Asker: 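This is the structure I want to talk about, given as structure tokens.
Side chains included, hydrogens not; waters and symmetry mates left out as well; all remaining heavy atoms used. It should be emphasised that the depicted structure is a prediction, and the values quoted were computed from it without experimental measurement. Ligands are counted one by one from 1 in listed order, and the atoms in each one are counted from 1 as well.
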Amino acid sequence: MSTSLLVSNIKNLILTEDSPRNSPLRGADLAHLPSIKNAFLLVENQRIKDFGPMKNCPERADRTIDATGRIVLPAWVDSHTHLVFAKTREDEWVNRIKGMSYEEIANRGGGILNSAKRLQETPEDMLFEQALGRLEEIKNYGTGAIEIKSGYGLTVESELKMLRVIRRLKESNEMGIKATFLGAHSVPMEYRNGNRQGYIDLIINEMLPQIAGEGLADYIDVFCEKVAFSVSETEQIMEAGARYDLKPKIHVNQFYCLGGIAAAVKHGAISVDHLEVVDDSDVEALKNGETIATLLPSAPFFLNDHIPPARKLIDAGLPVALATDFNPGTSPSGRMPFVLSLACIQMKMLPEEAINASTLNGAFALEWADEYGSIARGKAANFILTKEVPSVAYLPYAFGSDWVKRVFIKGKES
Ligand SMILES: [Zn+2]
């Protein structure tokens, strides 16, 4: 049965597209946020049927919402999360408050290995229930599509368990979900003394064939960093992923510039994520490819670390996306509106740039721009209706304020 929903008298309908783009917004284009004042939005069969100025508003629909004084914008596309995990890590956080560094914690078997131990011990059903609760929470912040990574398993059995949990989330939820295999998140302790390659072989020869066989992953990821995997190890794993048609989305340049960005671009990565530190050769590498720079400002905010140089990347004409990096160690928050605020306050992005980067460019970072990320006819009806607000700039400005009033996923209020 077809049901229609009409949102009328919208003060400002944001990020409208008459003909959807086929490539992400780059450089100066990121500041351009098409919108219609005093607008309507019509939803039919879970999709955006029509939109435009009120003078063209249809006369009736099965349901109508009066949005006087309020803004409508596309739901967030959070293209980088670790939302499936077994336990929060506030105890390590307290150790950091007392002066211990992330690297010290990692080298002592804390950090990712701590999460892996907990996850290995936790039954699949419990992981699923916990992750489902987090999904419901972030829906209320306005997130309508998300990427979720494995990487707290670090054994064949537990990586498969994580990815099966993500598959169950996909099947049980209206939200758009893509899965990324991140077996190369950390080298388990038992492989650290002279047998790193043993773990990489396990990823390539045991994990990948089973994951691909069950169709459990859309992408492959590697944590390319001094505390994790080298550039050449990262390349080895990207090459193995390519044999199963898994394109890379790579954790890189969180703490050091090692040349991982150039390697990821060379291997056709959809995105390179983090980029707290970026040198000129990294920018050059990105200029020569299609890879999206995905910035995760809540991680350096939480770690009191380098702020990603968003301006340097945007001013070089590059495509930038924003995501939460929701994870128990370095970003225990899936709140996209806060990411927008950090992007503007700390990284000097304009409100328009931050909104584009959190919606349309996020969708491109998941190769899902035909379905999500803008107000366009035929796309999934995933959108946010704000409270009464004075302007678009008010949204990232009023950090911490709950201006998200109602969230619609596939036309249904969540
Ligand atoms: Zn991450």
Side-chain angles (χ1 to χ4, degrees), residues 76-86 88-89 92-93 102-103 105-106 110-116 119 131 134 138 143 146-154 159 162-163 166 177-187 217-229 234 237-238 241 246-256 258 260-261 264 269-278 291-303 305-308 320-336 338-339 342-343 357-358 362 365-366:
W76 316 122
V77 180
D78 189 352
S79 63
H80 181 136
T81 84
H82 308 253
L83 176 134
V84 174
F85 57 85
T88 52
R89 298 204 321 241
E92 286 178 7
W93 175 67
Y102 178 84
E103 281 173 291
I105 291 170
I112 294 163
L113 293 185
N114 185 359
S115 280
L119 188 130
R134 289 179 205 120
I138 64 168
T143 300
I146 190 173
E147 180 256 23
I148 308 173
K149 300 172 192 295
S150 71
Y152 294 129
L154 307 183
E159 283 295 307
M162 275 191 91
L163 289 163
I166 300 171
I177 299 175
K178 287 206 178 180
T180 298
F181 169 50
L182 176 57
H185 200 186
S186 182
V187 178
D218 301 294
Y219 298 104
I220 189 160
D221 193 349
V222 180
F223 186 16
C224 180
E225 192 51 67
K226 279 189 185 176
V227 291
F229 294 84
T234 301
I237 295 162
M238 287 191 287
L246 295 177
K247 294 179 196 167
K249 286 169 71 68
I250 302 294
H251 279 77
V252 74
N253 288 46
Q254 183 173 7
F255 305 116
Y256 298 97
L258 304 172
I261 289 180
I270 298 301
S271 67
V272 282
D273 301 34
H274 270 293
L275 282 60
E276 276 85 324
V277 290
V278 176
T291 304
I292 295 170
T294 298
L295 309 181
L296 314 165
S298 33
F301 168 78
F302 187 76
L303 294 175
D305 206 351
H306 298 283
I307 307 298
V320 168
L322 290 167
T324 62
D325 196 17
F326 191 6
N327 79 80
T330 60
S331 178
S333 163
R335 193 185 275 263
M336 279 300 287
F338 185 58
V339 169
L342 287 176
S358 304
L366 293 180

Asker: Measure from the Zn ion (ligand 1) to every N/O/S atom of Asp325 and report the name of the nearest one.
Answerer: OD1
Asker: Can you name the N, O or S atom of His251 that is closest to the Zn ion (ligand 1)?
Answerer: NE2
Asker: Decide side-chain contact (heavy atoms from CB on, under 4.5 Å) for Ile220 and Thr180; before the verdict, give the C-alpha distance in whole Å, the side-chain angles of both, and the deciding distance to 0.1 Å.
Answerer: CA-CA 5 Å; Ile220 189 160; Thr180 298; 5.7 Å; no
Asker: Do you see a donor-acceptor pair shorter than 3.5 Å between the side chains of His80 and His251?
Answerer: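 Yes, side-chain donor-acceptor contact under 3.5 Å.
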Asker: Please report the closest heavy-atom contact between Ile166 and Ala179, naming both atoms and the distance.
Answerer: CG2-CB, 3.7 Å
Asker: The Zn ion (ligand 1) and His80: any N/O/S contact shorter than 2.8 Å?
Answerer: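 So His80 does bind the Zn ion (ligand 1) by this criterion.
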Asker: In terms of relative ring orientation, are Tyr152 and His185 parallel, tilted or perpendicular, with 30° and 60° separating the classes?
Answerer: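 Tilted, since the angle between the ring planes falls between 30° and 60°.
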